[in-house]
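I have placed the structure first, in the form of structure tokens, so that the comments after it can refer back to it.
Throughout, residue positions are numbered sequentially from 1 according to the sequence presented. Bear in mind the structure is a predicted one, so any value in this text is a computation, not a measurement. Just so it is clear, the values below take in all heavy atoms, side chains as well, and ignore hydrogens, waters and symmetry mates.
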Amino acid sequence: MADGKGFRDPTRFNAFTDGVMVVSMTLLILNVELPETVKHLDGAALFRALGDIWPNLFAYLLSFLVIAQYWMGYTEQFGGLSRIDGTFAWLNIFFLLAIGFIPFVTNLIGDNDGHLATQLYAATLVAVSLLLATMSAYAARKGLADPPDARPLIEQLAPSLKIAVVFGASIVVARFDFSLAKLTWLLLLVPDSWIIRPARRPTS
């Protein structure tokens, strides 16, 4: 009988996490559907038909890039874990639960451009970002990585916190103007180094 601790193998756990993220990224494209009449269209009519699906295509591109950023952050933060405890495992599972919800809210904002849809999408990404930041802080406090990350904790958390702040701010903006709220998402393009200045290391 299994001892119940197999899930604590970092290699298997990282592979499981990668799999969930890849599946979530793949599901996003299912929200982009061509009109049934596309095979009969050409020229300007085809161009207009493709323009009609732009909201879904934009939602797909945005969510794909955001999940890709989460994946890169996860790999950088936890690719070197030497062990996993039960608390970290559950934090990771809730993180993946939120990741798996992204295709649903992506479909929502592709088909509905109202303020509530925009807020639900942003709230989902705030939740994912805060869970990833919590995992990073927990792993650093418990020393789960070997060797530990030498960067100050605030530098480790900067990418996740930036996403959380940008989408969190857009929730407020969406109450007044959901189109402007979506424009605030362009702040994700601001480099992390502009927000968090690396601490100067003493010279010898």
Side-chain angles (χ1 to χ4, degrees), residues 13-33 53-79 91-139 151 154-175 177-196:
F13 209 82
N14 286 340
F16 169 67
T17 299
D18 286 347
V20 173
M21 288 191 170
V22 168
V23 170
S24 297
M25 295 170 80
T26 303
L27 290 175
L28 293 172
I29 194 60
L30 298 180
N31 299 325
V32 183
E33 298 182 3
I53 66 171
W54 167 246
N56 298 84
L57 186 59
F58 168 76
Y60 162 72
L61 293 172
L62 175 66
S63 294
F64 190 96
L65 293 174
V66 169
I67 295 179
Q69 187 167 353
Y70 285 133
W71 177 79
M72 289 187 290
Y74 184 97
T75 302
E76 181 180 5
Q77 290 286 322
F78 310 123
L91 287 172
N92 204 136
I93 288 171
F94 284 121
F95 168 74
L96 294 177
L97 176 67
I99 286 286
F101 196 65
I102 292 178
F104 171 76
V105 291
T106 300
N107 188 36
L108 185 62
I109 65 166
D111 293 338
N112 186 312
D113 60 359
H115 69 88
L116 181 57
T118 302
Q119 289 175 314
L120 287 173
Y121 181 84
T124 299
L125 297 185
V126 169
V128 176
S129 301
L130 293 180
L131 282 166
L132 185 58
T134 301
M135 291 163 58
S136 299
Y138 182 83
R151 296 175 301 165
I154 189 62
E155 288 186 31
Q156 300 178 42
L157 302 183
S160 299
L161 294 180
K162 181 185 73 174
I163 297 176
V165 168
V166 169
F167 281 105
S170 75
I171 293 175
V172 178
V173 176
R175 290 178 58 87
D177 188 332
F178 59 83
S179 297
L180 180 60
K182 292 177 180 178
L183 287 177
T184 65
W185 297 345
L186 293 175
L187 293 173
L188 294 172
L189 300 175
V190 175
D192 299 336
S193 59
W194 291 14
I195 303 172
I196 302 296

Discussion item. If you count heavy atoms of other groups shown closer than 6.0 angstrom to CZ of Phe94, is the number above 12?
Written reply: no

List the atom of [X], the atom of [Y], and the distance in Å for their closest heavy-atom pair.
X      : Y      : result
Leu157 : Ala137 : CD2-N, 4.0 Å
Ala174 : Gln119 : CB-CG, 3.7 Å
Asn56  : Asn31  : ND2-O, 3.3 Å
Thr106 : Ser63  : OG1-OG, 2.6 Å
Ala164 : Leu130 : CB-CD2, 3.9 Å

Worksheet item: Going through the checks in order, is the side-chain contact (heavy atoms from CB on, under 4.5 Å) test met by Tyr70 and Ser129?
Response: CA-CA 8 Å; Tyr70 285 133; Ser129 301; 2.7 Å; yes

Fill in: Donor-acceptor contact below 3.5 Å, side chain Gln77 vs main chain Ser136
no

Worksheet item: Any sub-3.5 Å donor-acceptor pair from Lys182's side-chain atoms to Thr118's backbone N or O?
Response: no

Can you tell me how far [atom2] of [Y] sits from [atom1] of [X], rounded to the nearest 0.5 angstrom?
X      : Y      : atom1 : atom2 : answer
Met135 : Phe95  : CE    : CZ    : 6.0 Å
His115 : Ile171 : NE2   : CD1   : 13.0 Å
Gln69  : Ile163 : CD    : CD1   : 4.0 Å
Ile67  : Ile99  : CD1   : CD1   : 5.5 Å
Ser160 : Leu125 : OG    : CG    : 12.0 Å
Leu62  : Leu28  : CG    : CG    : 9.5 Å

Practice prompt. Fit a plane to each ring of Tyr60 and Phe64, take the angle between them on a 0 to 90° scale, and name the class: parallel (under 30°), tilted (30 to 60°) or perpendicular (over 60°).
Written response: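 Aromatic pair Tyr60/Phe64 classed tilted.
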
Worksheet item: Under 30°, 30 to 60°, or over 60°: which ring-plane class applies to Trp185 and Phe167, parallel, tilted or perpendicular?
Response: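 Judged by the thresholds at 30° and 60°, the geometry between Trp185 and Phe167 is tilted.
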
Discussion item. Checking Leu27 against Phe104 for the side-chain contact (heavy atoms from CB on, under 4.5 Å) test, could you report, in this order, the C-alpha distance in whole Å, the side-chain angles of both residues, the deciding distance, and whether it holds?
Written reply: CA-CA 9 Å; Leu27 290 175; Phe104 171 76; over 6 Å; no

Worksheet item: Between Tyr121 and Ser170, is any side-chain donor less than 3.5 angstrom from a side-chain acceptor?
Response: no

Worksheet item: Side chains of Asn92 and Tyr74: do they bring a donor and an acceptor to under 3.5 Å?
Response: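 Yes.
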
Discussion item. Is any side-chain heavy atom of Thr17 closer than 4.5 Å to one of Phe78?
Written reply: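 With C-beta onward as the side chain, the pair stays apart.
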
